[in-house]
Amino acid sequence: MENNYKRGDHDSRPWGTWEVLDAGNGFCVKRICVTPGNILSLQSHNHRAEHWIIVKGQAVVTLGEEKLVKNANESVYIPVGTKHRIQNDTDKNMEFIEVQTGDNLDENDIIRYEDSYGRV
């Protein structure tokens with residue numbers, strides 16, 4: 001198993017920020033903030049599944065072909081290989097906790113299909 005995340009890692013993106021709260025053998029826990037009106041890329045992963053728990057605000061989640069509206073205290077599970085994205089259509093920050101599980105946890109395990117910010 002390979003985990004390239006460590007507690008305290010963080011980054012700013014065009015849509016908001018992420019920070020690693022904890023990481024260990026086979027898991028990573030991130031806090032992700034999506035600023036108003038922003039959306040993450042439509043993506044999938046070959047080596048990890050994700051659990052998302054909305055902790056603040058409201059999210060629109062694309063999971064495969066479905067669109068789901070999730071509020072604080074609601075969650076969604078994203079299996080390995082499933083296309084997914086999250087967006088914030090409100091005028092306030094939306095935050096969620098992402099728990100990654102898998103045998104290879106790395107920012108390079110992102111396959112982007114669509115991106116509003118021109119990233120590949």
Side-chain angles (χ1 to χ4, degrees):
M1 288 194 176
E2 187 173 346
N3 186 345
N4 290 318
Y5 294 107
K6 64 183 181 314
R7 185 179 299 170
D9 285 350
H10 63 281
D11 199 7
S12 293
R13 300 290 169 98
W15 44 258
T17 60
W18 61 261
E19 173 189 6
V20 175
L21 302 177
D22 200 8
N25 193 16
F27 77 94
C28 175
V29 181
K30 287 183 177 178
R31 177 178 45 229
I32 299 173
C33 178
V34 183
T35 53
N38 280 298
I39 184 169
L40 279 69
S41 59
L42 180 64
Q43 59 187 253
S44 67
H45 310 288
N46 289 325
H47 300 284
R48 71 179 186 232
E50 296 177 344
H51 298 260
W52 291 348
I53 301 117
I54 309 306
V55 294
K56 181 179 177 183
Q58 183 180 74
V60 177
V61 175
T62 301
L63 183 63
E65 299 299 315
E66 285 185 272
K67 282 217 175 199
L68 312 165
V69 175
K70 296 290 182 175
N71 295 295
N73 297 319
E74 296 182 327
S75 62
V76 64
Y77 172 69
I78 301 114
V80 173
T82 302
K83 287 184 182 179
H84 61 283
R85 76 179 344 163
I86 194 166
Q87 65 194 74
N88 179 0
D89 289 340
T90 73
D91 60 357
K92 295 181 178 155
N93 284 347
M94 180 267 294
E95 291 183 18
F96 66 104
I97 301 298
E98 175 181 275
V99 179
Q100 301 175 6
T101 56
D103 59 3
N104 185 359
L105 303 177
D106 190 302
E107 281 300 291
N108 293 322
D109 184 28
I110 298 174
I111 302 160
R112 285 194 175 93
Y113 301 95
E114 293 174 19
D115 185 73
S116 298
Y117 313 103
R119 297 172 299 169
V120 241

Check: So do Q87 and V34 actually touch side chain to side chain, heavy atoms under 4.5 Å?
Finding: no
Note to self: Do I97 and R31 make a side-chain contact, defined as non-hydrogen atoms from C-beta onward lying under 4.5 Å apart?
What the structure shows: yes
Check: With distance as the sole criterion, is a donor-acceptor pair present between the side chains of E95 and N93 under 3.5 Å?
Finding: no
Item checked: Residues which pass salt bridge (Lys or Arg N to Asp or Glu O under 4.0 Å) with K70, listed by chain and number, not counting sequence neighbours -> none
Check: Do I32 and L63 belong together in a cluster built from hydrophobic side chains that touch within less than 4.5 Å?
Finding: yes
Check: Got more than 12 heavy atoms from elsewhere within 6.0 Å of CG, N73?
Finding: no
Check: Under 3.5 Å, is there a donor-acceptor pair between the side chain of R7 and the main chain of L21?
Finding: yes
Next item on the list: Answer with yes or no whether the hydrophobic clustering places V80 together with I111; edges join I, L, V, M, F, W, Y residues whose side-chain heavy atoms lie under 4.5 Å apart.
Entry: no
Next item on the list: Report yes or no: does T62 contribute a side-chain atom to a donor-acceptor pair with the main-chain N or O of K67 at less than 3.5 Å?
Entry: no
Notebook entry, point to check: Got a sec, which residues hit ring pair (Phe, Tyr, Trp, His ring centres under 6.0 Å) with F27, two or more places apart in sequence or on another chain?
Noted result: none
Notebook entry, point to check: Does any non-hydrogen side-chain atom of N4 lie less than 4.5 Å from one of D9?
Noted result: no
Checklist line | Taking every non-hydrogen atom, the tightest pair across L105 and G26 | finding: CD1-C, 3.7 Å
Note to self: Are L40 and V76 linked, directly or through intermediate hydrophobic residues, by side-chain heavy-atom contacts shorter than 4.5 Å (ILVMFWY only)?
What the structure shows: yes
Note to self: Grouping I, L, V, M, F, W and Y whenever their side-chain heavy atoms are under 4.5 Å apart, do V55 and V99 come out in a common cluster?
What the structure shows: yes
Item checked: 4.5 Å side-chain heavy-atom contact, Y5 and Q100 -> yes
Note to self: So, taking the atom named CG in N25 and the one named CG in D103, what distance separates them when rounded to the nearest 0.5 Å?
What the structure shows: 10.5 Å
Check: Which pairs pass side-chain hydrogen bond (donor to acceptor under 3.5 Å, both in side chains) with one or both residues in residues 108-120, sequence neighbours excluded?
Finding: N38-Y117, S41-R112, S44-Y113, R85-E114, D106-N108, D115-R119
Checklist line | With E107 via salt bridge (Lys or Arg N to Asp or Glu O under 4.0 Å) - residues at least two apart | finding: R13, K30
Checklist line | Side chains of N88 and T35 in contact at under 4.5 Å (non-hydrogen atoms) | finding: no
Note to self: Restricting to ring pair (Phe, Tyr, Trp, His ring centres under 6.0 Å), what partner residues turn up for H45, sequence neighbours left out?
What the structure shows: H84
Next item on the list: Run the numbers on T82 and E50 for side chain to side chain contact (heavy atoms under 4.5 Å, CB included), then give the verdict.
Entry: CA-CA 10 Å; T82 302; E50 296 177 344; over 6 Å; no
Notebook entry, point to check: Listed by chain and number, what are the salt bridge (Lys or Arg N to Asp or Glu O under 4.0 Å) partners of E74, not counting sequence neighbours?
Noted result: none
Note to self: Minimum heavy-atom separation for N3 and A23, please, with both atom names.
What the structure shows: ND2-CB, 3.7 Å
Item checked: Gap between atom CD of E2 and atom CG of N104 - 0.5 Å precision -> 5.0 Å
Next item on the list: Measure the spacing between CD1 of I86 and CD1 of I54 and express it to the nearest 0.5 Å.
Entry: 4.0 Å
Next item on the list: Indicate, with yes or no, if L68 and F96 share a hydrophobic cluster defined by side-chain heavy-atom contacts under 4.5 Å among Ile, Leu, Val, Met, Phe, Trp and Tyr.
Entry: yes
Item checked: Test log, rule side chain to side chain contact (heavy atoms under 4.5 Å, CB included), inputs I78 and V61 -> CA-CA 10 Å; I78 301 114; V61 175; 5.7 Å; no
Note to self: Nearest 0.5 angstrom please: Q43 CD to I110 CD1, how far?
What the structure shows: 5.0 Å
